[in-house]
Enquirer: 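Before anything else, here's the structure in question.
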Amino acid sequence: MEGYNVLYPIGFDAFGLPAENYAIKNHVHPKITTENNINHFREQLQALGFSFDWSREINTTDPEYYKWTQWIFIQLYKKGLAYKATMPINFCTGCKVGLANEEVVNGVCERCGSPVVQKEKSQWMLKITEYAQRLIDDLKDIDFLDKIKAQQTNWIGRSEGAEVNFKLTAAGEELDSNLLIYTTRPDTMFGATYMVVAPEHNLIEKYADKITNLDEVKAYKEKAALKSDFERAELNKEKTGVEIKGIKAINPFTEEEIPVWISDYVLITYGTGAIMAVPAHDDRDFEFATKMGLEIKQVIKSKDGANDELPFTDVDNGISINSGFLTGLDSKDAIEKAISYVEENKLGTRKVNYKLRDWVFSRQRYWGEPIPMVYCEDCGWNPIPESELPLVLPDIENYEPGENGESPLAKQTEWIKTKCPCCGKDAKRETDTMPQWAGSSWYFLRYMDAHNDKEFASKEALDYWSPIDWYNGGMEHTTLHLLYSRFWHKFLYDIGAVPTKEPYQKRTSHGMILGTNGEKMSKSKGNVINPDDIVNEFGADTFRVYEMFMGPFDQTAPWSMESIRGCGKFLDRVWNMQEILVDGDEYSKEHEKMMHKAIKKVTSDIEEMKFNTSVAEFMKMTNEFYKDKVINKAEYKTFLQLLNPFAPHMTEELFSILGEEKTINETPWPVYDETKTIDDEIEIPVQLNGKVKAVVLVAKDASEEEVKAVVAANESVQKAIDGKTVVKEIYVKGRIYNIVVK
RNA sequence: GCAGAUGUGGCGGAACUGGCAGACGCACAGGACUUAAAAUCCUGCGGGACCUAAAUCCCGUGCCGGUUCGAUUCCGGCCAUCUGCACCA
């Protein structure tokens with residue numbers, strides 16, 4: 001209505017675990033249930049009157065769509081950003097199948113209750129870590145809500161520090177390799193009294209012959225492997241560990257010999273999988289050292305000397321002590337100096353680390369895009385020729401998870417058999433599929449050119465529409481999906497396939513609608529509100545107006561069956577205004593000001609997504625028209641145009657009853673005249689020491705003297721200041737008049 | 001524990017840049033219409049001080065303090081709730 005060409009698309013991201021598990025449970029092929037669900041969703045969305053461009057509808061499970069998902073994977077592979085690595089998967093010891101994280105509940109299989117353990121498996125990985133810094137840096141150029149930016153930044157988790165080598169010895173002899181650790185606090189090096197390696201660390205295999213208590217160490221390692229991620233990550237868990245006897249490390253700053261331990265509080269997936277422990281200045285190390293009776297050496301004290309209870313971890317308020325050349329330095333300076341020392345003496349290097357890990361891109365599942373890779377005994381892994389895309393997911397009968405954590409596709413012997421794209425010899429297809437995030441990592445690009453069978457989207461279409469001006473979605477997607485799609489987009493930008501660095505210019509989020517009991521809607525709680533029922537009972541317009549009215553757009557709000565009736569009543573009143581309708585080509589004198597003010601308010605409210613106050617404005621106007629028992633045609637038309645985005649069906653019907661030829665959405669959005677929104681007379685509250693005692697009416701451009709005179713003449717004011725001394729009088733033009741008295 | 005958000009009547013929520021706290025709606029109460037009910041329309045509706053009413057006054061935006069002529073709004077410190085992440089060295 002404001003003259004922009006707006007692309008408002010819709011589509012269905014339909015691969016993934018929920019669809020697959022539903023299919024398994026009900027013995028219906030996921031293809032069928034997916035199709036049924038999409039049809040149902042489409043009907044529901046249409047019943048609500050959304051103005052989606054249905055000609056661009058997409059479905060990520062359509063081979064014509066996932067052809068391009070596979071194509072992007074091949075490009076990633078060609079640029080070295082997709083690689084195979086051995087990663088642990090959740091493995092159910094009962095069902096003998098691999099499980100997704102959400103299928104593991106309290107360390108046991110959701111279905112059979114058997115313990116879940118970690119099993120090593122070769123998987124496809126995507127190198128999102130290569131983009132970590134750019135994913136942080138480029139946030140500054142885009143308009144995301146601050147809380148969304150903060151979540152992205154925290155998730156990527158950049159930290160600065162150093163990697164430092166600790167020499168190892170066995171029976172006093174120096175070993176041929178060092179133990180590399182990562183630390184963000186090199187200033188605490190003098191306080192490192194022991195070291196810890198993760199259970200998976202290769203130190204144990206490498207120096208097995210030097211370890212005098214190898215059986216004990218190996219037993220600990222095996223026990224740790226049996227624990228699920230959940231158990232290992234559980235907070236307040238007692239720390240456990242075993243000293244690796246026979247091997248010692250040398251603290252490079254103190255030259256002292258310190259013990260080396262193995263414990264699962266150190267993670268193989270972060271940093272180098274080994275740490276130097278500084279129990280005096282790290283909570284976890286402190287807990288471990290206290291339990292194991294290890295030395296705790298304080299090397300930082302607080303500036304004010306007040307709080308020296310250990311562990312003392314405040315970087316901003318610390319000074320090094322007992323730390324050789326660092327002693328006396330501020331913690332921040334000490335960190336810098338320690339890193340310089342490390343680099344000068346070739347002990348290690350400055351290093352930035354990220355919490356973000358590479359993306360595990362394989363799923364041992366049926367309902368996903370087949371990974372278009374082939375393994376040949378001679379040539380290794382190679383992508384299938386792009387001319388063979390899409391690699392269609394075979395239509396199979398038995399899509400239950402495979403044995404020993406294999407994909408269900410591993411049973412499809414005919415499908416697996418193929419020729420090597422390099423040498424032509426017999427070769428095997430990859431049987432893992434892509435995760436549910438794959439299709440949604442680029443879908444926005446497909447909307448720009450949804451039916452292109454030559455490319456994922458033409459350059460012209462991409463240039464015309466890119467980037468997405470405004471992306472609204474739930475907060476639950478602000479880390480994974482949002483980050484993955486930014487990563488893919490940046491990759492596509494790097495290979496020249498898209499014109500912008502970032503996919504989305506602006507990202508907002510909506511609040512969740514809770515059940516009537518104030519809890520998240522869920523089937524098990526029985527508090528689900530079905531939109532079909534609401535539309536049947538109250539109509540789509542009432543439904544929409546209520547959703548907008550119930551609270552601020554970005555905040556959660558509980559559903560109320562009582563409150564929605566109020567919105568229905570409001571729309572009835574709008575309809576019945578026909579009974580007080582009179583002719584008129586212009587706004588009437590008595591309503592003119594209200595009309596201009598309302599256009600201004602609703603226009604800015606929509607821009608700021610303050611839909612709830614827009615609806616309040618409509619209700620206020622309606623009350624006003626009924627109070628005056630009259631509305632003219634010009635006023636009614638503008639009112640219907642303003643209300644149209646909220647209640648499209650009824651307003652269009654009324655518009656045509658008024659004899660209009662065009663539909664409302666073909667008419668331009670109403671405009672207002674700023675000068676006509678200003679009142680001639682304004683009310684000025686008069687305060688006495690900040691408390692309102694009276695309200696006076698003055699002309700809109702009244703001078704301070706004039707206002708002062710009116711205030712002085714006011715009876716209530718006179719009464720209030722009677723017997724008191726006026727100290728000061730403050731007038732804020734057009735706002736307030738405050739008298740300070742003693 | 002870390003990060004982010006939120007706290008205002010019986011309820012959902014308004015309140016611009018620090019300027020009349022409670023817009024608008026729900027619920028509730030009283031009245032009109034009706035044989036009656038529903039629907040609709042009108043009126044009232046933060047708490048307290050007076051038996052009632054008007055008028056008036058006092059208190060009041062999670063708690064304690066500060067800045068200011070003036071604070072729901074700004075600052076400091078707490079408390080509670082929600083969401084996400086969680087042994088990240």
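Naming: A, B, ... by sequence-line order, numbering from 1 per chain. Since we're looking at a predicted model, the values are computed, not measured.
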Enquirer: Work out which heavy atom in A:G241 is nearest to a heavy atom in A:S263; give both atom names and the distance.
Expert: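 Taking A:G241 first and A:S263 second, the nearest heavy atoms are CA-CB, 4.2 Å.
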
Enquirer: Between A:K708 and A:E705, is there a side-chain N and carboxylate O pair less than 4.0 Å apart?
Expert: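 A salt bridge is absent here (no side-chain N lies under 4.0 Å from a carboxylate O).
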
Enquirer: Expressed as a whole number of angstroms, how long is the span from A:K355:NZ to B:rC85:C1'?
Expert: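 From A:K355 NZ to B:rC85 C1': 8 Å.
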
Enquirer: Stems in RNA chain B: runs of 3 or more consecutive Watson-Crick or G-U pairs, distances under 3.5 Å?
Expert: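 Stems for RNA chain B, defined as runs of 3 or more consecutive pairs: B:1-7 with B:79-85, B:10-12 with B:24-26, B:28-32 with B:40-44, B:46-49 with B:56-59, B:62-66 with B:74-78.
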
Enquirer: Would you mind classifying the nucleic acid contact of A:T184 as base, sugar-phosphate or nothing, using non-hydrogen atoms under 4.0 angstrom?
Expert: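 A:T184: backbone/sugar contact only, no base atoms under 4.0 Å.
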
Enquirer: NA contact type, A:R158, heavy-atom cut-off 4.0 Å: base, sugar-phosphate, or nothing?
Expert: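 Touches nothing.
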
Enquirer: Could you check how far NZ of A:K627 sits from P of B:rC42, rounded to whole Å?
Expert: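 My rounded result for the distance is 11 Å.
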
Enquirer: Quick one: A:I564 CD1 to B:rG25 P, roughly how many Å, whole number?
Expert: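 After rounding, the gap between these two atoms is 16 Å.
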
Enquirer: Which part of the nucleic acid does A:G566 contact within heavy-atom distance under 4.0 Å: base, sugar-phosphate only, or nothing?
Expert: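 Here A:G566 touches the backbone only, sparing every base.
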
Enquirer: Please check this pair: side chain of A:K291 against backbone of A:K239, looking for a donor-acceptor N/O pair closer than 3.5 Å.
Expert: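 Pair found, side chain donor or acceptor close to backbone of A:K239.
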
Enquirer: Please determine if A:E617 and A:K601 form a salt bridge, counting it only when a charged side-chain N lies under 4.0 Å from a carboxylate O.
Expert: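 Between A:K601 and A:E617 there is no salt bridge, as every charged N stays at least 4.0 Å from the carboxylate O atoms.
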
Enquirer: Look at A:E160 together with A:R158 and state whether they make a salt bridge at an N to O cut-off of under 4.0 Å.
Expert: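 Yes, this pair counts.
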
Enquirer: Take atom CZ of A:F646 and atom P of B:rG25, then tell me their distance rounded to the nearest Å.
Expert: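 Rounded to the whole Å, the gap is 16 Å.
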
Enquirer: How close or far is atom C1' of B:rC24 from atom CG of A:L571, stated in whole angstroms?
Expert: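 These atoms are roughly 14 Å apart.
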
Enquirer: Is a side-chain donor-acceptor pair under 3.5 Å present for A:S320 with A:S323?
Expert: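 A:S323 vs A:S320: no donor-acceptor pair found between side chains.
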
Enquirer: Looking only at side-chain atoms of A:K693, point me to the closest of B:rC26, B:rA89, B:rC57.
Expert: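 Looking only at side-chain atoms, A:K693 lies closest to B:rC57.
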
Enquirer: May I ask you to say what A:N623 touches in the nucleic acid, namely base, sugar-phosphate or nothing, with a heavy-atom cut-off under 4.0 Å?
Expert: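 Here A:N623 touches the backbone only, sparing every base.
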
Enquirer: Give me the distances for all protein-to-nucleotides 71-74 of chain B N/O pairs that come in under 3.5 Å?
Expert:
none

Enquirer: How does protein contact run along nucleotides 7-22 of chain B, one letter per nucleotide 5' to 3', with B for base contact, S for sugar-phosphate only, - for none, heavy atoms under 4.0 Å?
Expert: -----BSSSB--BB--

Enquirer: Distance check, C1' atoms only: B:rC63 and B:rC11, in whole angstrom units.
Expert: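 These two C1' atoms come out 24 Å apart once rounded.
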
Enquirer: Measure the shortest side-chain to side-chain distance between A:D541 and A:L571 over non-hydrogen atoms and say whether it is less than 4.5 angstrom.
Expert: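 Of all side-chain heavy-atom pairs linking A:L571 with A:D541, at least one is under 4.5 Å.
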
Enquirer: Around A:E607, counting heavy atoms of other residues, nucleotides and ligands shown, do more than 12 lie under 6.0 Å from its CD?
Expert: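 Check fails, neighbour count at 12 or below.
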
Enquirer: Is it true that a side-chain atom of A:T193 and a backbone atom of A:E295 form a donor plus acceptor pair closer than 3.5 Å?
Expert: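 Yes.
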
Enquirer: So is A:R507 actually on top of A:Y471's ring, under 6.0 Å and inside 45° of the axis?
Expert: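 Checked: cation-pi criterion met.
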
Enquirer: Would you call B:rG65 syn or anti, using the 90° rule around 0?
Expert: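 Nucleotide B:rG65 adopts anti.
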
Enquirer: Could you check whether A:K629 pairs with A:E579 (Lys NZ or Arg NE/NH1/NH2 to Asp/Glu carboxylate O, under 4.0 Å)?
Expert: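 Here A:K629 does not pair with A:E579 in a salt bridge, since their nearest N and O are not under 4.0 Å apart.
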
Enquirer: Can you say whether the rings of A:Y737 and A:Y731 are parallel (under 30°), tilted (30 to 60°) or perpendicular (over 60°)?
Expert: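 Tilted.
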
